[in-house]
Structure formats: C-alpha cells, structure tokens
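In each ligand, atom 1 is the first atom listed, and ligand 1 is the first ligand listed. Basis for what follows: all heavy atoms, side chains included, without hydrogens, waters or symmetry-related copies. Everything quoted here is computed from the prediction, not taken from an experiment.
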Amino acid sequence: SNELKIAVGAMEIADKVVKDVMTKIEDVFMLPDTTILNAKTVMEIVKMGYTRIPVYQYGDKNNVTDMLFVKDLALLDPDDNFTVKTVCGYHKHPVKFVMNDTPLPHLLEAFKKGEGHLAMVKRLINTDDGHDPSYELVGVVTLEDIVEEILQAE
Ligand code: ATP
Ligand code: ATP
C-alpha cells in the first residue's frame with residue numbers, strides 16, 4: 001500500500017545523510033551579488049523556475065551571503081537597474097548552512113522549526129596542520145529533497 005511505502009520510506013531516511021539527497025553545487029543556480037536586475041536578467045531568473053536562489057559575493061562562489069527569492073522581483077522596476085546585492089539588502093532572507101554528513105532526521109527537525117526550507121550544504125576541508133578548519137560549499141538541500149526520499153521507497 002502507499003501508506004506502508006511512506007512508513008518504510010520514513011524509516012529509511014534514518015540511515016541517510018544530507019549529501020545523499022542534496023543537489024550538487026555544480027547544478028545549483030546561483031547569482032553573483034553584482035548582477036544587475038534589468039528586464040533581461042529578471043526574465044532569465046524567472047525562467048529557471050526556482051523559488052530561492054543563493055547569492056554569492058562576486059568572485060567567490062564559496063561565500064554565499066544572501067538568498068534571493070523570486071517573489072522579491074515582483075515589485076521591482078527593471079528600469080531602476082538595482083543590483084542583486086541591493087535587493088537582498090532590503091529583504092535580508094537568512095542563509096542557512098548544514099554539514100554534508102548531517103543525518104536527514106536532524107535536518108527534517110531543523111526545517112520543521114525554522115522558517116526557510118532550503119539550506120546550503122558545506123563540507124569540512126581536512127586541515128592536518130592544526131589551523132582553523134575551513135569549509136567549502138558542496139550543494140543545496142531542501143525539504144522537497146527529504147520528502148522525495150521518503151516517497152520513493154520501494
Ligand atoms: P518551491 O517548491 O518551494 O516553490 P523550488 O521548486 O524552487 O521551490 P524545491 O521544491 O524546494 O525548490 O526543491 C526542488 C528541487 O530543486 C530540489 O532537488 C532542490 O535541491 C532543488 N533546488 C532548489 N533551489 C535550487 C536552485 N537555486 N538551484 C538548483 N537546484 C535547486
Ligand atoms: P550560525 O551558527 O549563526 O547558524 P553558520 O553555521 O552559518 O552560522 P558559523 O557558525 O558562523 O556559520 O560558521 C561556521 C563555518 O561556516 C565558518 O567557519 C565558515 O567557514 C562557514 N560559513 C559561514 N558562513 C558562510 C558563507 N556565507 N559561505 C560559506 N561558508 C560559510
């Protein structure tokens with residue numbers, strides 16, 4: 001039955017971690033903060049079909065500083081030529097981060113508590129030299145990715 005499949009799927013996510021279900025960074029549609037929001041770029045962004053778009057500091061894709069919501073573009077006058085940075089500074093949607101090895105049940109709890117249902121996924125880069133650890137972004141994960149994993153159980 002479908003109910004049984006969903007129950008089995010819910011149990012199966014207990015053994016899975018964020019990197020098993022995330023969208024890999026090379027497939028993530030992100031924008032540099034310097035992008036000018038004119039009629040052409042707004043149309044390109046809307047056509048991608050995503051609701052939430054990570055925004056990185058120009059020149060450093062590893063440094064995601066903001067989220068742009070496509071709905072933020074609705075009241076924009078394209079002739080004003082605002083940058084993504086200006087529009088994000090107005091809305092200030094928080095950016096969430098999660099480690100790539102976080103168990104899915106933990107992420108599900110975090111999504112239930114919080115407002116946003118998208119997190120940037122980061123990976124610890126090994127530093128054997130005793131210096132501060134550093135991170136790199138490896139993907140995005142959304143509530144949808146967890147739900148998909150639950151529903152696709154055999
Ligand atoms: P919503 O369904 O809330 O309107 P959405 O369709 O943009 O949002 P989700 O439904 O949350 O996004 O996720 C659908 C899939 O798209 C997931 O696999 C998620 O990882 C991926 N995804 C979400 N945002 C992006 C993005 N900016 N670039 C690439 N993939 C994304
Ligand atoms: P908070 O603890 O407030 O939720 P966070 O978990 O997003 O914040 P921090 O705890 O401040 O982040 O820092 C943990 C590490 O995450 C930092 O050392 C940094 O390498 C990485 N990090 C934080 N912000 C970003 C960002 N905008 N882009 C890429 N990596 C980031």
Side-chain angles (χ1 to χ4, degrees), residues 2-3 5-76 78 81-125 135-154:
N2 280 332
E3 288 84 354
K5 277 186 189 169
I6 291 168
V8 170
M11 288 186 283
E12 282 182 357
I13 71 157
D15 305 326
K16 293 198 169 120
V17 296
V18 163
K19 68 167 172 281
D20 298 330
V21 301
M22 71 181 187
T23 298
K24 290 196 182 71
I25 199 75
E26 57 263 31
D27 297 325
V28 175
F29 179 60
M30 310 205 284
L31 289 169
D33 58 1
T34 49
T35 304
I36 291 165
L37 293 165
N38 54 30
K40 181 171 172 277
T41 54
V42 167
M43 192 164 74
E44 283 167 3
I45 292 165
V46 171
K47 271 164 83 180
M48 291 303 293
Y50 297 111
T51 300
R52 289 152 298 197
I53 300 150
V55 173
Y56 60 90
Q57 190 179 45
Y58 177 75
D60 186 5
K61 285 196 176 180
N62 220 30
N63 187 18
V64 167
T65 54
D66 286 294
M67 297 298 301
L68 179 69
F69 286 19
V70 165
K71 66 169 195 245
D72 301 341
L73 303 173
L75 295 174
L76 208 67
N81 288 311
F82 285 132
T83 63
V84 164
K85 193 188 175 101
T86 300
V87 172
C88 287
Y90 183 74
H91 293 281
K92 292 193 166 69
H93 303 295
V95 189
K96 300 200 168 156
F97 293 91
V98 65
M99 295 301 300
N100 63 339
D101 57 357
T102 304
L104 289 189
H106 290 202
L107 182 64
L108 190 55
E109 277 308 306
F111 278 156
K112 274 161 74 180
K113 280 189 209 130
E115 307 280 284
H117 290 158
L118 180 148
M120 303 305 302
V121 183
K122 62 188 184 183
R123 179 179 80 90
L124 185 63
I125 300 168
Y135 299 87
E136 71 174 345
L137 291 183
V138 291
V140 301
V141 67
T142 71
L143 182 60
E144 175 79 12
D145 292 314
I146 305 176
V147 171
E148 274 292 306
E149 192 66 23
I150 293 171
L151 297 184
Q152 80 175 20
E154 298 296 314

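- P54 counts as a contact of ligand 1, since one of its heavy atoms falls under 4.0 Å from the ligand.
- For atom 25 (C) of ligand 1, the nearest non-hydrogen atom of the protein is Y50 CD2, 3.3 Å.
- Distances below 4.0 Å separate heavy atoms of L118 from the following atoms of ligand 1: 24 (N).
- Of the listed residues (R52, M48, E148, H117), the one carrying the non-hydrogen atom nearest atom 11 (O) of ligand 1 is R52.
- Of all the atoms in ligand 1, the ones that sit under 4.0 Å from a non-hydrogen atom of D27 are 29 (C).
- The nearest protein heavy atom to atom 22 (N) of ligand 1 is closer than 4.0 Å.
- Panel note: side chain N62, backbone Y135; a donor-acceptor pair is recorded below 3.5 Å.
- Within the structure, the closest approach of V141 to ligand 1 does not fall below 4.0 Å when heavy atoms are considered.
- Closest heavy-atom approach to atom 6 (O) of ligand 1 within the set L31, T51, T23: this belongs to T51.
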Exercise for review: Decide side-chain contact (heavy atoms from CB on, under 4.5 Å) for L118 and M67; before the verdict, give the C-alpha distance in whole Å, the side-chain angles of both, and the deciding distance to 0.1 Å.
Suggested key: CA-CA 10 Å; L118 180 148; M67 297 298 301; 3.6 Å; yes
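- Using cut-offs of 30° and 60° for the angle between ring planes, the H117 and F111 rings count as perpendicular.
- With hydrogens and angles ignored, the 3.5 Å screen pairs no side-chain donor or acceptor of N81 with any backbone N or O of N38.
- When the heavy-atom distances from atom 18 (O) of ligand 1 to V21, I146, D145, I53 are ranked, the shortest goes to D145.
- The protein non-hydrogen atom at the shortest distance from atom 14 (C) of ligand 1 is E144 CG, 3.7 Å.
- Not a single donor-acceptor pair under 3.5 Å links the side chain of T23 to the backbone N or O of V28.
- With a 6.0 Å radius and a threshold of 12 heavy atoms from other residues, nucleotides or ligands, L75 has its CG atom at or below the threshold.
- At distances below 3.5 Å, at least one donor-acceptor pair connects side-chain atoms of D33 with backbone N or O atoms of Y58.
- Protein heavy atom at the shortest distance from atom 13 (O) of ligand 1 is T142 OG1, 3.3 Å.
- The distance criterion of under 3.5 Å between nitrogen or oxygen atoms is met by F29 with respect to ligand 1.
- Checked against the 6.0 Å centroid threshold, F69 and H91 do not count as a close aromatic pair.
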